[in-house]
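Below is one structure, written out as structure tokens; comments come after it.
Computed from a prediction, not measured in an experiment: that's the story for all the values here. The residues of the chain are indexed from 1 along the displayed sequence.
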Amino acid sequence: QVQLVESGGGLVQPGGSLRLSCAASGFTFSSYAMSWYRQVPGKERDLVATITAGGSTNYADSVKGRFTISRNNPKNTVFLQMNSLKPEDTAVYYCNAVSPSRVYAYWGQGTQVTVSS
């Protein structure tokens with residue numbers, strides 16, 4: 001079965017850094033576009049960053065220059081390096097995978113990131 005398991009969340013002070021990981025299994029990871037989304041209570045789940053199977057990246061304007069998405073295909077893992085964190089970055093962060101045909105999409109369970117003094 002398909003699994004996406006996020007880790008690395010936690011409590012960090014404003015200006016600090018965290019590195020999120022998403023371990024994938026059950027599908028051909030290297031062929032899938034991978035993304036990070038985030039969601040706060042009462043709001044929509046928003047796209048944060050995407051990395052395609054070819055390695056191209058895209059970022060939400062709110063995180064551009066601060067966050068970096070990367071992938072390690074041999075280890076079926078995607079990362080989100082988050083620097084210069086702000087309280088507005090507080091959210092549950094979710095890993096997402098989309099098949100090349102865009103027919104299939106999978107989600108992880110989420111990991112909490114809290115930015116606070």
| field | Minimum-distance pair of heavy atoms, taken over all atoms of L18 and L85 | value | N-CD1, 3.8 Å
| task | Find out whether M82 and V113 are in side-chain contact, i.e. whether some heavy atom of one side chain is under 4.5 Å from a heavy atom of the other. | result | yes
| note | Tested for side chain to side chain contact (heavy atoms under 4.5 Å, CB included) against R38, the lone hit among V63, L80, L47 is V63
| task | Give me the ring orientation class for F67 and Y93: parallel if the planes are under 30° apart, tilted from 30 to 60°, perpendicular past 60°. | result | tilted
| T111 side chain vs G9 backbone, donor-acceptor pair below 3.5 Å | yes
| Does R71 count as lying over the ring of F29, i.e. NZ or CZ under 6.0 Å from the six-ring centre, within 45 degrees of the axis? | yes
| message | With a 4.5 Å cut-off on side-chain heavy-atom distances among I, L, V, M, F, W and Y, is there a chain of contacts connecting V12 to L20? | response | yes
| said: Within the structure provided, determine whether Y32 and Y106 are in side-chain contact (heavy-atom separation under 4.5 Å). | reply: yes
| query | Can you check whether V78 reaches I69 side chain to side chain, under 4.5 Å on heavy atoms? | reply | yes
| request: State whether a side-chain donor-acceptor pair under 3.5 Å links T114 with S116. | output: no
| field | Test item: W36 and C95 side chains (from C-beta on) under 4.5 Å apart, heavy atoms | value | yes
| request: Examine distances only and state if a side-chain atom of Q109 and a backbone atom of E6 form a donor-acceptor pair shorter than 3.5 Å. | output: yes
| request: Indicate yes or no: does K64 engage D61 in a salt bridge with an N to O separation below 4.0 Å. | output: yes
| message | Can a donor-acceptor pair be found, under 3.5 Å and without considering hydrogens, that links the side chain of Y104 to the backbone of A97? | response | no
| Looking only at heavy atoms, which two atoms of V92 and G110 are closest? And how far apart? | CG1-CA, 3.8 Å
